[in-house]
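Written below as structure tokens is the structure these notes are about.
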Amino acid sequence: MTATDAPRPPARVGLLGGGRMGAGIAHAFLLAGSDVAVVERDAEAAASARSRILASIERSVAKGTTDAAPEQIAAALQVGTDVGAFAGRTLVVEALPEDRALKLDGLRRVEDALDGDGALATNTSSISIDALGLELRHPDRFLGLHFFNPVPASQLVEVVVGTSTDADLVVRAQEWVASLSKQAITVRDAPGFASSRLGVALGLEAIRMLEEGVASAADIDRAMELGYRHPMGPLRTTDIVGLDVRLGIAEELEAAYGERFAAPALLRRMVAEGRLGRKSGSGFYEWSDE
């Protein structure tokens, strides 16, 4: 592929939600050259989101990931609280917490703000695209774009195709992912898709093993890292994803597939205690960088 036919990112991108995932997705599109608007719930959250994104950009510049100056990239970013900022956007990605009602409310608000043929995507890691799309006016313009945490370092994006998703949109989405220097896998809509269904199954079994005293967290992780060449073990991965996020996905999958995805008591207890992993400073490991 030559420079002239290289995949191009969407010119104008929106993010509903500027938390860890939303900020990471915004970072990826900004570095690819998109104009990005992030909308948060209130002024305080918007200020935090802007700081989070700019700090991430600074790290990329320091690592030599991009040749662009931080101020040049920052000029393409706007952060606020009004979904009206999504008018005329090529693509808007919903990146709210993994709660069906919350996501559906956000998607409806974005759809009301979008005009023309703008595409709408959800970053859900487990909720059925069809279940969400049935509640929208234009399910043909809707699909899943499941990014992975941390977004700047992760190479994978799942393109999740709903029953009503337009085939041309799927092709465009695959090209958008390629424009971010990431790899797309395309999956048919099913709860948990490919990655979450497999990843959560492994993570829940690792938690059960820890709960039963089979081995320490470090040794369970080391078994997968050294024995199966996983770059990171399932318990450390759960810490990075967030124990609350993993619990929410497990509950969604249990409802769809049955008891094999039932969350262990240890996971529920740790979430109740606020031990959510890296973002809280403590999970299966202690995290001093948060």
Side-chain angles (χ1 to χ4, degrees), residues 19-21 24 96-103 122-129 131 144 146-151 153-158 160 185 187-290:
R20 186 182 294 275
M21 288 303 301
L96 299 175
E98 196 72 359
D99 177 276
R100 187 186 293 253
L102 182 65
K103 285 183 175 292
T122 175
N123 185 53
T124 181
S125 51
S126 63
I127 301 171
S128 165
I129 300 303
H146 179 205
F147 289 80
F148 288 75
N149 186 26
V151 177
S154 175
Q155 295 299 301
L156 176 64
V157 180
E158 278 186 302
V160 187
I185 63 169
V187 299
R188 180 179 60 83
D189 181 42
F193 318 131
S195 61
S196 291
R197 190 168 169 180
L198 290 169
V200 170
L202 178 60
L204 294 180
E205 190 60 26
I207 296 169
R208 293 187 192 101
M209 291 170 63
L210 182 65
E211 190 174 48
E212 295 166 6
V214 172
S216 68
D219 282 348
I220 292 169
D221 278 351
R222 204 169 287 124
M224 300 310 296
E225 292 164 0
L226 301 180
Y228 291 86
R229 298 186 181 180
H230 288 201
M232 186 182 301
L235 296 174
R236 186 173 291 275
T237 299
T238 298
D239 266 10
I240 290 175
V241 169
L243 276 70
D244 54 336
V245 174
R246 184 133 285 183
L247 174 59
I249 298 171
E251 290 174 339
E252 191 75 29
L253 295 180
E254 182 183 12
Y257 300 118
E259 189 177 349
R260 71 183 189 268
F261 284 102
L266 175 59
L267 176 59
R268 293 189 180 280
R269 184 170 70 249
M270 291 176 71
V271 170
E273 293 171 352
R275 296 168 60 195
L276 307 181
R278 185 172 68 175
K279 61 186 172 185
S280 70
S282 176
F284 297 109
Y285 297 87
E286 298 300 317
W287 298 85
S288 60
D289 61 335
E290 292 290 307

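All heavy atoms count here, side chains included; hydrogens, waters and symmetry mates do not.
- When all heavy atoms of Ala194 and Ile185 are compared, the closest pair comes out as CB-CD1, 4.5 Å.
- Of the listed residues (Ile207, Val200, Leu202, Leu204), just one forms a side chain to side chain contact (heavy atoms under 4.5 Å, CB included) with Pro234, and that residue is Leu202.
- His146 is listed as a side-chain neighbour of Asn123, based on a closest heavy-atom distance under 4.5 Å.
- Glu225 places a side-chain N or O within donor-acceptor distance of the main-chain N or O of Gly233, the cut-off being under 3.5 Å.
- Other residues, nucleotides and ligands place no more than 12 heavy atoms under 6.0 Å from the CZ atom of Arg229.
- Side-chain contact between Val241 and Asn149 is absent, with no heavy atoms from C-beta onward closer than 4.5 Å.
- In this structure a side-chain-to-backbone donor-acceptor pair under 3.5 Å is missing from Glu252 to Ser126.
- Salt bridge absent: Arg208 and Glu211 never bring a charged side-chain N and a carboxylate O closer than 4.0 Å.
- In this structure, the side chains of Arg278 and Tyr285 stay at 4.5 Å or more apart for every pair of heavy atoms.
- Taking 4.5 Å as the limit, every side-chain heavy atom of Glu98 sits out of range of all side-chain heavy atoms of Glu251.
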Practice prompt. Evaluate side-chain contact (heavy atoms from CB on, under 4.5 Å) for Thr237 paired with Phe284, printing each intermediate quantity in order.
Written response: CA-CA 10 Å; Thr237 299; Phe284 297 109; over 6 Å; no
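- Side-chain contact check for Pro191 versus Ile127: every heavy-atom pair is 4.5 Å or farther apart.
- Using a 4.5 Å cut-off on side-chain heavy atoms (C-beta onward), Ile129 and Thr124 make contact.
- Contact record, Ser154 with Phe148: OG-CB, 3.2 Å, taken as the closest heavy-atom pair.
- Salt bridge Arg236/Asp239: absent, no basic N to carboxylate O contact under 4.0 Å.
- Between Ser196 and Ile249, the shortest heavy-atom distance links the atoms CB-CG2, 4.3 Å.
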